[in-house]
Amino acid sequence: MRSTGFRRTVVAIGVCSSLALAATACGSGDGGSAGGRTRITVNCEPPKSARVDRAFFEEDVAAFEEANPDIDVVAHDAFPCQDPKTFDAKLAGGQMEDVFYTYFTDARHVVDIRQAADLTPYLRELKHYDSIQKQLRDIYTVDGRVYGIPRTGYSMGLIYNRALFRKAGLDPDRPPATWEEVRAAAKAIAALGDGTVGYADYSAQNQGGWHFTAELYSQGGDVVSADGKKATIDTPEGRAVLRNLHDMRWTDDSMGSRQLLVINDAQQMMGSGRLGMYLAAPDNIPILVKEKGGNYKDLALAPMPGGEGTLIGGDGYMFNKHDSPAQIRAGLKWLDHMFLTPGKGFLGDYARARKHDAPVGLPEPRLFTGAADATDQQAKKASANVPVENYQAFLDGNHRLRLKIEPPHAQQIYSVLDSVVSAVLTKKDADIDQLLKEASGKIDSILARS
């Protein structure tokens, strides 16, 4: 699953309309050269409705073209950044942009169907490539060849309400570190009454399967085997995830009576001060404040309970297999300028973001390591306008966790797991062993078809 947006607003991707196709093809076609200039088409320009982000993006593209007068950048926008319903069709039809946005989970698929350009010979064009976190670089590396460049990364954690913790007699500076502690805290918060819910979880629209996966990782488990051929959910770790949810829901009554929730439901509850905890990435926090009525001082973030692992996600850019060498070099220069220079560009100009009342100081996305990370973090700290101390536990604990991306065929698998989680949360007598056995068979069938 994708996270919910980041830093300011949800960012969008471009899909060529018939009008745009008439003016300039999405793909490279002619090699992207005209009058001695190299033209590249790119996507994920924020839509016009995201007025501030759109202005920043256009400002940064203009600055890039001024610094590189031999390169023309043609940006396409739409919403969302990538539409799964049209993504494969655009690839197969040769209509994908020269430099195109992908989720981490797309990388292997695009390579397998031979639609990605091999960037390995051109990596020296990127100043900070070696400073990008290795586990993020590895996502776009297949058989030792590099086919894409990460742009952002996120990891799941536990968002909690400091005010409700204090009211329930809990220490907001010592968030739950185990699922047993989550259960105890949820019970104490729910005991406050007045419709207060201790812990909420998703169980619809594939989001229940997404969170089951994150919770399974936190217990040290996996959804599929290392070779990607068999389900690995019918395990002690899988049963522990479901037993914990069942007991919080039915024994403790700490999850409320309303179930089949999705992300917006949890955000509404947290923003209104009626929810103690839920799992999410850091980019949820500004949404809780800007859209749901929350307050930054009350919202804090801890690492995933359990201490074993956490689900990571994110996005990056890949290059059209038809790109010329000149277009690949131009596209890498553009990525460097827009996203990969610490403390600068569309995502890193923190001073500009603060000036426009955008949140600065959230613990993620955190793309770099070493000196590049230090430069980026120093720039972020200098312009921070949110209570960074509320996220220190997340920063301290995250580096000790195993970071795992989503499983192959994630959406199909999440659909299967949705029914498992929803059954446990809506049926007191749900047979956990039988649910996991049946789901394992269905996931095995999905993997066998791949």
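Here, residue 1 is the first one in the sequence, and each next residue gets the next number.
- Between the side chain of Asn385 and the backbone N or O of Val360, at least one donor-acceptor pair lies under 3.5 Å.
- Atom CG of Asn68 is separated from atom OG1 of Thr38 by 10.5 Å, given to the nearest 0.5 angstrom.
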### Task
Check the pair Thr213 / Ile413 against side chain to side chain contact (heavy atoms under 4.5 Å, CB included), numbers first and verdict last.
CA-CA 10 Å; Thr213 298; Ile413 290 175; 5.5 Å; no
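- Residues Phe56 and Phe346 place their aromatic rings such that the two centres sit no closer than 6.0 Å.
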### Query
Going through the checks in order, is the side chain to side chain contact (heavy atoms under 4.5 Å, CB included) test met by Gln268 and Asn264?
CA-CA 6 Å; Gln268 293 281 9; Asn264 185 62; 3.9 Å; yes
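- Counted within 6.0 Å of CZ on Arg166, heavy atoms from surrounding residues, nucleotides or ligands total more than 12; the atom is thus considered enclosed.
- In plain terms, the two heavy atoms of Pro47 and Arg54 that are nearest each other are O-CB, 3.7 Å.
- Side-chain atoms of Val386 and Leu299, non-hydrogen and from C-beta on, never get closer than 4.5 Å to each other.
- In plain terms, the two heavy atoms of Met248 and Ala186 that are nearest each other are SD-CB, 4.2 Å.
- Classification of the His337-Phe64 ring pair by plane angle, with boundaries at 30° and 60°, yields tilted.
- Glu45 places none of its side-chain heavy atoms less than 4.5 Å from the side chain of Asp53.
- The side-chain heavy atoms of Phe104 and Tyr140, taken from C-beta on, include a pair separated by under 4.5 Å.
- When atom types are taken as modelled, the side chain of His211 and the backbone of Gln207 share no donor-acceptor pair closer than 3.5 angstrom.
- Between the side chain of Ser218 and the main chain of Thr310, no donor-acceptor pair closer than 3.5 Å is present.
- Contact of the Ile40 side chain with the Trp334 side chain is registered, since non-hydrogen atoms from C-beta on lie closer than 4.5 Å.
- Closest non-hydrogen pair, Pro363 versus Leu395, comes out as CB-CD2, 3.6 Å.
- The two residues Asp357 and Lys290 make their nearest non-hydrogen contact at O-NZ, 3.0 Å.
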### Query
How far apart are the C-alpha atoms of Asn398 and Arg366, what are their side-chain angles, what is the distance that settles it, and do they pass the side chain to side chain contact (heavy atoms under 4.5 Å, CB included) test?
CA-CA 12 Å; Asn398 232 31; Arg366 194 163 187 168; over 6 Å; no
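- When the salt bridge (Lys or Arg N to Asp or Glu O under 4.0 Å) test is applied to Lys333, no partner is found at least two apart in sequence or on another chain.
- Between Lys90 and Asp83, no side-chain nitrogen of the basic residue sits less than 4.0 Å from a carboxylate oxygen of the acidic one, so the salt-bridge criterion is not met.
- The aromatic rings of Tyr160 and Phe165 sit tilted, their planes meeting at an angle between 30° and 60°.
- With hydrogens and angles ignored, the 3.5 Å screen pairs no side-chain donor or acceptor of Ser415 with any backbone N or O of Asn206.
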### Task
For Met96 and Gln115, run side chain to side chain contact (heavy atoms under 4.5 Å, CB included): C-alpha distance rounded to whole Å, both residues' side-chain angles, the deciding distance at 0.1 Å, then the answer.
CA-CA 9 Å; Met96 193 60 78; Gln115 294 295 323; over 6 Å; no
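- A 4.5 Å side-chain heavy-atom check between Leu279 and Met304 finds at least one atom pair inside the cut-off.
- Taking the side chain as every heavy atom from C-beta outward, Glu308 and Glu237 never approach each other to under 4.5 Å.
- For Ala280 against Leu301, the heavy-atom pair with the smallest separation is O-CD1, 4.3 Å.
- Taking the six-membered ring for Trp and thresholds of 30 and 60 degrees, His128 and Phe368 have ring planes more than 60 degrees apart, a perpendicular arrangement.
- Each of Tyr103, Phe339, Phe100, Tyr147 was scored for a ring-ring contact (aromatic ring centres under 6.0 Å, His included) with Tyr317, with one residue passing: Phe339.
- Note that NZ of Lys380 and OH of Tyr350 are 4.5 Å apart. Values are rounded to the nearest 0.5 Å.
- Between His409 and Leu447 there is a side-chain heavy-atom pair separated by less than 4.5 Å.
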### Query
Would Lys48 and Asp77 satisfy salt bridge (Lys or Arg N to Asp or Glu O under 4.0 Å), going step by step from the backbone distance to the final call?
CA-CA 8 Å; Lys48 292 179 180 178; Asp77 76 332; over 6 Å; no
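- Arg39 is listed as a side-chain neighbour of Val74, based on a closest heavy-atom distance under 4.5 Å.
- The number of heavy atoms from other shown groups lying within 6.0 Å of NZ (Lys292) is above 12.
- Residues that satisfy the salt bridge (Lys or Arg N to Asp or Glu O under 4.0 Å) test with Asp336, not counting sequence neighbours, are absent from this structure.
- Figure legend: Arg137 and Tyr129 shown as a cation-pi pair, the cationic atom lying under 6.0 angstrom from the six-membered ring centre and within 45 degrees of its axis.
- Side chain to side chain, Tyr202 and Asp265 fail the donor-acceptor criterion of an N or O pair below 3.5 Å.
- Panel note: side chain Arg354, backbone Ala384; a donor-acceptor pair is recorded below 3.5 Å.
- Scanning all heavy atoms of the two residues, the minimum distance from Phe319 to Ile328 falls at CE2-O, 3.6 Å.
- With hydrogens and angles disregarded, a donor-acceptor distance shorter than 3.5 Å links the side chain of Glu364 to the backbone of Ser155.
- Side chain of Thr41 to main chain of Asp98: a donor-acceptor pair is present (N/O by atom type, distance under 3.5 Å, no hydrogens or angles).
- With hydrogens and angles ignored, the 3.5 Å screen pairs a side-chain donor or acceptor of Arg400 with a backbone N or O of Asp396.
- The CG atom of Asp130 sits 8.0 Å away from atom CG of Leu123, with the distance rounded to the nearest 0.5 Å.
- Atom NZ of Lys344 is surrounded by 12 or fewer heavy atoms from other residues, nucleotides or ligands within 6.0 Å.
- Scored by the side-chain contact (heavy atoms from CB on, under 4.5 Å) test, Asn295 finds Lys297, Asp298 as partners (sequence neighbours excluded).
- A donor-acceptor pair under 3.5 Å is formed between the side chain of Ser272 and the backbone N or O of Met269.
- Heavy atoms of other residues, nucleotides or ligands lying less than 6.0 angstrom from CZ of Arg402 number more than 12.
- For Asp106 and Gln82, the side-chain atoms include at least one donor-acceptor pair closer than 3.5 Å.
- Here the straight-line distance linking atom CG of Leu91 with atom CD1 of Ile113 works out to 5.0 Å at 0.5 Å rounding.
- A 6.0 Å sphere centred on CD of Glu66 holds no more than 12 heavy atoms belonging to other residues, nucleotides or ligands.
- With a 6.0 Å radius and a threshold of 12 heavy atoms from other residues, nucleotides or ligands, Gln378 has its CD atom at or below the threshold.
- Remark: side-chain polar atoms of Asn43 are paired, donor with acceptor, to backbone N or O of Tyr101 under 3.5 angstrom.
- For the atom pair CG (Leu367) and CG (Asp376), the distance works out to 8.0 Å, reported to the nearest 0.5 Å.
- Once rounded to the nearest 0.5 Å, the distance linking CD1 of Ile189 with CG of Leu170 reads 5.5 Å.
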